[in-house]
Engineer: 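The following block contains the structure, expressed as structure tokens.
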2 protein chains.
Amino acid sequence: MTKPGYPTIDDVARAANVSTATISRAINTPSKVAKPTRERIEALIQEMGYTPNHWSRVLASKRSNTIGAIIPTMANSMFASGLQAFQERLAESDMTMLVASTGYDSESEWHQIRALIAQGVDGLLLIGESRTPEAQDFLKTRAIPYVISWSYRSGTDLIFAGFDNYQAAANMATTVLDMGHRHIGILGGVSTDNDRARERINGFKDTIDAFGDGAKVTGVIEAGYSLTDGGDAFADIMRHAPQTTAIVCGNDVLAAGAIVRANQQNVKVPCEVSITGFDDIDLSRVVQPTLTTVQVPQIAMGRAAAELLLTQLSDTKPALSVEVPTQIIRRHSLAAPAAGYRSKS
Amino acid sequence: MTKPGYPTIDDVARAANVSTATISRAINTPSKVAKPTRERIEALIQEMGYTPNHWSRVLASKRSNTIGAIIPTMANSMFASGLQAFQERLAESDMTMLVASTGYDSESEWHQIRALIAQGVDGLLLIGESRTPEAQDFLKTRAIPYVISWSYRSGTDLIFAGFDNYQAAANMATTVLDMGHRHIGILGGVSTDNDRARERINGFKDTIDAFGDGAKVTGVIEAGYSLTDGGDAFADIMRHAPQTTAIVCGNDVLAAGAIVRANQQNVKVPCEVSITGFDDIDLSRVVQPTLTTVQVPQIAMGRAAAELLLTQLSDTKPALSVEVPTQIIRRHSLAAPAAGYRSKS
DNA sequence: TAATCGAATGTAAGCTGTTACATTGAATGG
DNA sequence: CCATTCAATGTAACAGCTTACATTCGATTA
């Protein structure tokens, strides 16, 4: 970061024949500087190619203009595009983003939180609500502004920019039930350290259980993060509960894995068994049959999260959680159960 | 970043009855502090919960311990997992990563480079070689350490941690030719501002042109970044050059798009037309038929890039470019051309 | 006209470390 | 025993900006 010979605020001050304070004000609070002076300074800044040293600024102002984002993984387009939107919105306000990933592990998240705070970030973006008690305490006592994304819950003082996983899952379950399915398997992500996965599973489960008319959950499996995991879980469900006519999945990767496996095993989707996903990533448009899934407005969510963090930092008005809407995208992996299978119920 | 009441180096110095210089040395160059003193200081640091303020450190030492990564997009697992590996390696050496994305636009990249450097990053990770002349000049005159990933070229003083796109593409083309295909279409990414896309296309092209035995390129199309773009381009090629028996694609998204479209149009893959991809992302295992593609060792690449940056910064030994190997993954979208089609040639 | 005010600007004390240079004192060598 | 050296530590000058407080001076008010 050595910038040999690059002008400092002192150089500009000398050239403009004012004090450094005036330069600083001309930059940060222009209204406090008389117009002619300000214009002279601005011209000089241009001419000399002055850029304030970021770090000194941080040190002096006690604001780093940096926020940290801690996400489970980058290796999944699902978080990536939300994150990108988040970053872009921050950049518009001259803030920068530090990223860290946890591999879906709360201990690791706790470690990253400490690291980022030690670095002096002004705020944090966190995914979901599951974190270690230590982390929660820490966030509270240090009073670090943060927003939680990918989840939403009302009735707390936490600030969310996300959606209601439970409700979205419930809606999907309803859609599946409405098509006539009564024996439904649930294939979710691992719910340890992951409230989103848990909420989705519960949303599915509660809705099916409450539906009546003979609707029941034929099995609940939590699987890992790969296509293969999805495939294996699919095979499991079908082995133990062959009467299953639909499987609702906690994410698209698992769903796609399930479909691929079904194809291999010559189980016809959706004729014999319907499969639904969650997230609407690219995969869902490529897999055969294409996947009926829940679309999550990632870009909107990312921007909203950034916006909330920004208002928290400028503390003019209180930041209010925002809930973004999800939507069911109908494709071909969901259909009414075949009569033969249905009659079994 | 307000840490009210958190101890500073002064507090520790006072408690240990030494000067701040000694504390600083105990932390940064322990060998220069007598053992008993050092141990006393270390204990005190523990006890008081002292963490050096990152930013003052930066200001005083003129090293930010931060490096910037500028990638085309985050919304693609292709860069994401390499990036994650990069970040993890940096974290091991107590460095942090700032990310920015360009949307595949050089002007935007140039802007991001300036922004990150103004922020005082110690080094940069850049993708590929295409950048504006201004950016190149800037990097040279400022002498910022940087490494280029996702590309590799020998015979320059640039430092790479990547692979040879041209050669990898050429290998794929050879594989396709060896299976007997003679009329081959090329479906690449947009090559403006993108040397990787360009190299891949050239690698395909040159290899086919040079092969002899009647091998020829039936068309070259550059398409955008979506599945649909791939599908449209596929349709185009098949319309204008129906004798085509294989299409080599510059990335998996385009290839998957092509396959999906082929399925819709009832063109049998691979019987009527073979399709190959590049990158080996998840999609390639899900699409039907599964995609024969070029696998890129992203994790290794990311770590290598971090390693190179780190050695450049510690400037003990010179950093030498590393080339990672790519590999062709054979799946089902590539087969020998059907006799009927082949005889046409 | 003197008192009051407020806009524009200056002064200088931070912010929290790092590090070149200075000092001390004990060990080593001739 | 004196000169030299070196390890351990201290002193204090930065790094480059922000900002509370002080100053100046022309305009307003009673």
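The sequence lines fix the lettering, A, B, ..., with proteins before strands; numbering per chain opens at 1.
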Engineer: Answer yes or no: is there a donor N or O on one side and an acceptor on the other, between the side chain of A/Ser24 and the main chain of A/Thr20, under 3.5 Å?
Structural biologist: no
Engineer: Can you tell me how far C1' of C/dC15 sits from NE2 of A/His54, to the nearest Å?
Structural biologist: 15 Å
Engineer: Could you tell me which residues satisfy side-chain hydrogen bond (donor to acceptor under 3.5 Å, both in side chains) with B/Ser93, sequence neighbours excluded, listed by chain and number?
Structural biologist: B/Arg89
Engineer: Using a distance-only test with no angle check, is there a side-chain donor-acceptor pair under 3.5 angstrom linking B/Gln46 and B/Glu42?
Structural biologist: no
Engineer: Which protein N or O atoms sit under 3.5 Å from an N or O of nucleotides 5-9 of chain D?
Structural biologist:
from  : atom 1 : to      : atom 2 : distance (Å)
D/dT9 : OP1    : B/Thr37 : OG1    : 2.6
D/dT9 : OP2    : B/Ala34 : N      : 2.9
D/dT9 : OP2    : B/Thr37 : OG1    : 3.4

Engineer: Is the phosphate of D/dC17, meaning OP1 or OP2, less than 4.0 Å from a side-chain N or O of A/Tyr50?
Structural biologist: yes
Engineer: Quickly work out the A/Asp11 CG to D/dA15 P distance and round it to whole Å.
Structural biologist: 11 Å
Engineer: Of the listed nucleotides (D/dC17, D/dT19, C/dT19), which one gets closest to any side-chain atom of A/Ser56?
Structural biologist: D/dC17
Engineer: Has A/Ser130 got a side-chain atom pairing as donor or acceptor with A/Asp195's backbone, closer than 3.5 angstrom?
Structural biologist: yes
Engineer: Picking from C/dT19, C/dA12, C/dG14, which would you name as closest to the side chain of A/Ala60?
Structural biologist: C/dG14
Engineer: Could you state the CG-P distance from B/Asn53 to C/dC15, rounded to the nearest angstrom?
Structural biologist: 11 Å
Engineer: Just to be sure I understand the rule, does B/Asp10 reach a base, reach only the sugar-phosphate, or reach nothing, if contact means heavy atoms closer than 4.0 Å?
Structural biologist: nothing
Engineer: With each end axis built from five pairs of C1' atoms, what bend angle do you get for the helix from C/dT1-D/dA30 to C/dG30-D/dC1? Round to 10°.
Structural biologist: 40°
Engineer: How would you list, by chain and number, every residue that makes a salt bridge (charged side-chain N to carboxylate O under 4.0 Å, His left out) with B/Asp11, sequence neighbours excluded?
Structural biologist: B/Arg14
Engineer: What is the distance, rounded to the nearest whole Å, between atom CZ of A/Arg57 and atom P of C/dT16?
Structural biologist: 19 Å
Engineer: Could you tell me how far apart A/Leu59 (CG) and C/dT16 (P) are, to the nearest whole angstrom?
Structural biologist: 7 Å
Engineer: Output the rounded distance in Å from CD1 (A/Ile45) to P (D/dC17).
Structural biologist: 10 Å
Engineer: Could you tell me how far apart A/Lys62 (NZ) and C/dA13 (C1') are, to the nearest whole angstrom?
Structural biologist: 13 Å
Engineer: Rounded to whole Å, how long is the line connecting atom CD1 of B/Ile23 with atom P of D/dG10?
Structural biologist: 9 Å
Engineer: Taking atom types as modelled, is there a side-chain donor on B/Asn53 or B/Ser56 under 3.5 Å from an acceptor on the other?
Structural biologist: yes
Engineer: So, using side-chain hydrogen bond (donor to acceptor under 3.5 Å, both in side chains) as the criterion, who are the partners of B/Arg153 when residues are at least two apart?
Structural biologist: B/Glu129
Engineer: Just call it for B/Thr8: base, sugar-phosphate, or nothing, with non-hydrogen atoms closer than 4.0 Å on any strand.
Structural biologist: sugar-phosphate
Engineer: To the nearest 0.5 angstrom, please state how far the OG1 atom of A/Thr96 sits from the CG atom of A/Asn65.
Structural biologist: 7.0 Å
Engineer: Nearest-nucleotide wise, let me know which of B/Thr20 and A/Asn28 is further upstream toward the 5' end of DNA chain D.
Structural biologist: B/Thr20
Engineer: Applying ring pair (Phe, Tyr, Trp, His ring centres under 6.0 Å), can you list everything that pairs with A/Tyr225, at least two apart in sequence or on another chain?
Structural biologist: A/Tyr104
